[in-house]
Amino acid sequence: MIDILNKLIKTKKNNKYLSNKIILTCPDCGNTEKSTYYHLLQTNQFETSKPTTVPNPYIQESYIEEEIIATPIRFKMQCPNCGNEMEAYSPVPMEYIINLLQSPPPDELMYG
């Protein structure tokens with residue numbers, strides 16, 4: 001999964017989702033730093049946890065709940081103040097990011 005992600009990041013540099021900010025916090029000194037998905041993913045400053053199943057409810061003629069696999073992402077960076085590891089967790093799983101990067105860009109005529 002990491003190899004696919006690295007290839008997609010190189011080809012999708014201008015994806016607007018990758019420019020979203022992540023705020024990393026140092027648990028020791030409380031320092032915070034802002035970074036982007038693109039920078040953290042490109043420089044491999046992340047690790048994935050063990051994939052888990054989570055419920056995914058939706059309504060289509062009736063209430064249906066299915067289980068999907070989600071891989072949590074933990075971003076990490078060295079704190080410039082104390083040198084310890086700063087961290088933040090992605091609100092979306094790895095599968096969502098890969099799917100987003102594989103999808104074609106939105107239609108410019110429709111979305112401007």
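In this chain, numbering begins with 1 at the start of the sequence shown.
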* Does the side-chain contact (heavy atoms from CB on, under 4.5 Å) test come out yes or no for Y37 and L100, once each step is laid out? -> CA-CA 13 Å; Y37 272 91; L100 189 97; over 6 Å; no
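- L40 is not listed as a side-chain neighbour of I73, based on a closest heavy-atom distance of 4.5 Å or more.
- The line from OG1 of T25 to CD of E87 is 8.5 Å long, rounded to the nearest 0.5 Å.
- In this structure, CD on E47 lies 4.5 Å from CZ on R74, to the nearest 0.5 angstrom.
- Using modelled atom types, no side-chain atom of E33 and backbone atom of C79 make a donor-acceptor pair closer than 3.5 Å.
- The two residues K76 and F46 make their nearest non-hydrogen contact at CE-O, 4.0 Å.
- Note that CG of N56 is 12.5 Å distant from CD1 of I69, once rounded to the nearest 0.5 Å.
- Residues passing the side chain to side chain donor-acceptor pair (under 3.5 Å) test with N84 are D28, sequence neighbours excluded.
- Put simply, Y17 and M94 are part of the same group of oily side chains (I, L, V, M, F, W, Y) that touch within less than 4.5 Å, one to the next.
- Here the closest non-hydrogen pair linking K50 and P72 is O-CD, 3.8 Å.
- Proximity of C82 to N31: side-chain heavy atoms (C-beta onward) are nowhere separated by under 4.5 Å.
- Taking each heavy atom of L24 and S35 in turn, the nearest pair found is CD1-CB, 4.1 Å.
- Looking at every heavy atom in both residues, K21 comes nearest to T36 through NZ-CG2, 3.9 Å.
- Remark: T43 engages Q45 in a side chain to side chain donor-acceptor pair (under 3.5 Å) (not counting sequence neighbours).
- Counting non-hydrogen atoms of other residues, nucleotides and ligands closer than 6.0 Å to CD1 of I68 gives a total above 12.
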